[in-house]
*Asks:* 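Here it is, the structure, as structure tokens.
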Amino acid sequence: MTKLPRKFYNQPTLKVAKLLLGKFLVRKIGKRKVVGKIVETEAYVGPKDLASHASRGKTPRTEVMFGPPGHAYVYLIYGLNYCFNIVTERKDYPAAVLIRAVEPIEGIDLMYQHRKSIKRKKSIFNFSFLTFNLTNGPGKLCQAFKIDKKLNNADLTGNILWVEDRGIKISPKDIVATKRIGVDYAKEYKDKPWRFYIKGNKFVSKK
DNA sequence: CAAGAGATCATCT
DNA sequence: GATGATCTCTTGA
């Protein structure tokens with residue numbers, strides 16, 4: 001159970017995106033922890049990647065992506081959902097890994113509380129059905145983990161939000177690579193196979 | 001179940 | 001003024 005050090009994130013982004021599968025995202029809230037196993041990621045690689053916000057150059061929003069590795073890049077999308085990324089590679093080279101889905105492990109009661117829409121519904125569904133729907137998408141997991149703009153630029157070597165290695169190794173044959181979701185505007189970059197997920201895992205956002 | 005639309009606003013042109 | 005690394009609900013077969 002070791003917290004990943006900064007040098008882990010200072011590696012080629014595609015490699016980090018694959019290595020993050022099977023690692024554990026930990027969010028500390030007061031004395032409680034929310035933990036999920038990472039099962040789906042996407043890589044956004046460098047200044048030329050037209051799918052990446054950083055391809056339009058350094059702006060107040062994308063500044064974090066140009067910073068040192070091991071920090072959170074959190075932004076609001078479509079006016080109502082947050083996306084959580086981890087900045088990779090050296091300072092001044094803009095790259096990040098989007099965490100698209102995790103499998104709920106610990107603090108599941110807190111995840112329920114944080115998820116707005118599910119909270120609205122009375123418990124007419126059984127536990128497993130709802131668990132499945134807690135964190136299987138980038139916006140959903142940000143709700144469940146209470147990740148918002150305040151955590152933008154948070155240091156992942158600190159004690160609010162980090163990633164742990166708990167000794168699980170995902171073998172290459174259990175990693176599926178596909179094109180990234182929702183980036184059809186990215187011309188020659190839209191079909192790059194830079195989305196990765198654990199084969200057969202039921203918490204992956206889409207097949 | 002698939003397909004479509006509405007929500008909603010920070011960011012950049 | 002347009003757009004988007006999404007989610008949820010509704011509609012219709």
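Bear in mind the structure is a predicted one, so any value in this text is a computation, not a measurement. So you know, we letter chains A, B, ... as the sequences are listed, proteins then strands, and number each from 1.
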*Asks:* Do A:S52 and A:S55 have a side chain donor and acceptor closer than 3.5 Å?
*Replies:*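 No.
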*Asks:* Whole angstroms only, please: what is the NE2-C1' distance between A:H53 and C:dT3?
*Replies:*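 Taking atom C1' of C:dT3 as the reference, NE2 of A:H53 is at 11 Å.
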*Asks:* Assess, by modelled atom type and distance only, whether the side chains of A:Q11 and A:Y9 contain a donor and an acceptor separated by less than 3.5 Å.
*Replies:*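 There is no such pair between these side chains.
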*Asks:* Could you write out each protein N or O paired with an N or O of nucleotides 7-13 of chain B at a distance under 3.5 Å?
*Replies:*
residue: B:dT8; atom: O2; partner: A:Y78; partner atom: O; Å: 2.5
residue: B:dT11; atom: OP1; partner: A:K149; partner atom: NZ; Å: 3.0
residue: B:dC12; atom: OP1; partner: A:T59; partner atom: OG1; Å: 2.1

*Asks:* How about A:E103 and A:N201: does a side-chain donor come under 3.5 Å of a side-chain acceptor?
*Replies:*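 A:N201 and A:E103 do have a side-chain donor-acceptor pair below 3.5 Å.
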*Asks:* Rounded to the nearest angstrom, tell me the gap between atom CG in A:N136 and atom P in C:dT8.
*Replies:*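 Answer to the nearest Å: 8 Å.
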*Asks:* In whole Å, I'd like the distance from the OH atom of A:Y44 to the C1' atom of C:dG4.
*Replies:*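 Spelled out: OH on A:Y44 to C1' on C:dG4 is 11 Å.
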*Asks:* Provide, to the nearest angstrom, the distance between the CG atom belonging to A:L50 and the P atom belonging to C:dG4.
*Replies:*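 Computing the A:L50:CG to C:dG4:P distance gives 13 Å.
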*Asks:* Between A:Y75 and A:Y73, is the ring centre distance below 6.0 Å?
*Replies:*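 Aromatic pair counts; centres sit under 6.0 Å.
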*Asks:* A:F196 CZ to C:dA5 P: how many Å, rounded?
*Replies:*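 One finds 19 Å between P of C:dA5 and CZ of A:F196, rounded.
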*Asks:* From A:N10 CG over to A:E89 CD, what is the distance, rounded to the nearest 0.5 angstrom?
*Replies:*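 Going from CG on A:N10 over to CD on A:E89, the span is 7.5 Å.
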*Asks:* Flag as yes if A:Y185 stacks onto the base of C:dG4 (centroids under 5.5 Å, planes under 30°), otherwise no.
*Replies:*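 No, A:Y185 does not stack on the base of C:dG4.
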*Asks:* For A:N133 and C:dC7, give me the distance from atom CG to atom C1', rounded to whole Å.
*Replies:*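 One finds 10 Å between C1' of C:dC7 and CG of A:N133, rounded.
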*Asks:* Pairing of DNA chain C as dot-bracket, 5' to 3': ( ) intra-strand, [ ] crossing, | other strand, . unpaired, with Watson-Crick or G-U pairs under 3.5 Å?
*Replies:* ||||.|||||||.
*Asks:* For residues 138-150 of chain A, tabulate all N or O donor-acceptor pairs below 3.5 Å that involve a side-chain atom, not counting sequence neighbours.
*Replies:*
residue: A:K140; atom: NZ; partner: A:N133; partner atom: OD1; Å: 3.0
residue: A:K140; atom: NZ; partner: A:N136; partner atom: OD1; Å: 3.0
residue: A:Q143; atom: OE1; partner: A:R115; partner atom: NH1; Å: 2.8
residue: A:Q143; atom: OE1; partner: A:K116; partner atom: N; Å: 3.4
residue: A:D148; atom: OD1; partner: A:K150; partner atom: N; Å: 2.9
residue: A:D148; atom: OD2; partner: A:K150; partner atom: NZ; Å: 3.2

*Asks:* Using the ring pair (Phe, Tyr, Trp, His ring centres under 6.0 Å) criterion, which residues pair with A:F8? Sequence neighbours excluded.
*Replies:*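 For A:F8, no residue satisfies ring pair (Phe, Tyr, Trp, His ring centres under 6.0 Å) once neighbours in sequence are set aside.
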*Asks:* Tabulate below the donor-acceptor pairs under 3.5 Å that side-chain atoms of residues 90-100 of chain A make, not counting sequence neighbours, or state none.
*Replies:*
residue: A:R100; atom: NE; partner: A:E40; partner atom: OE2; Å: 2.8
residue: A:R100; atom: NH2; partner: A:S205; partner atom: OG; Å: 3.2

*Asks:* Say you draw a straight line from NZ of A:K28 to CD1 of A:I160; how long is it, rounded to the nearest 0.5 Å?
*Replies:*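 Answer for the NZ-CD1 pair, A:K28 versus A:I160, is 10.5 Å.
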*Asks:* Any residue in residues 137-145 of chain A with a heavy atom nearer than 4.0 angstrom to DNA chain C? Just list them by number, or reply none.
*Replies:*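 Per residue number, the list reads A:G137, A:P138, A:G139, A:K140.
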*Asks:* From A:I175 CD1 over to A:K199 NZ, what is the distance, rounded to the nearest 0.5 angstrom?
*Replies:*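 With rounding to 0.5 Å, CD1 (A:I175) is 10.5 Å from NZ (A:K199).
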*Asks:* Looking at A:D165 and A:K3, does any basic side-chain N land under 4.0 Å from a carboxylate oxygen?
*Replies:*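 No, A:D165 and A:K3 are not salt-bridged.
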*Asks:* Taking CD1 from A:I77 and P from B:dG6, how many angstroms apart are they, rounded to a whole number?
*Replies:*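 Taking atom P of B:dG6 as the reference, CD1 of A:I77 is at 19 Å.
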*Asks:* Between C:dC7 and A:R100, is there an OP1 or OP2 to side-chain N/O distance shorter than 4.0 Å?
*Replies:*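 The answer is no; no side-chain N or O of A:R100 sits under 4.0 Å from OP1 or OP2.
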*Asks:* Take the protein atom CZ of A:F84 and the nucleotide atom P of C:dC7, then report the distance between them rounded to whole Å.
*Replies:*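 Going from A:F84 (CZ) to C:dC7 (P), I get 15 Å.
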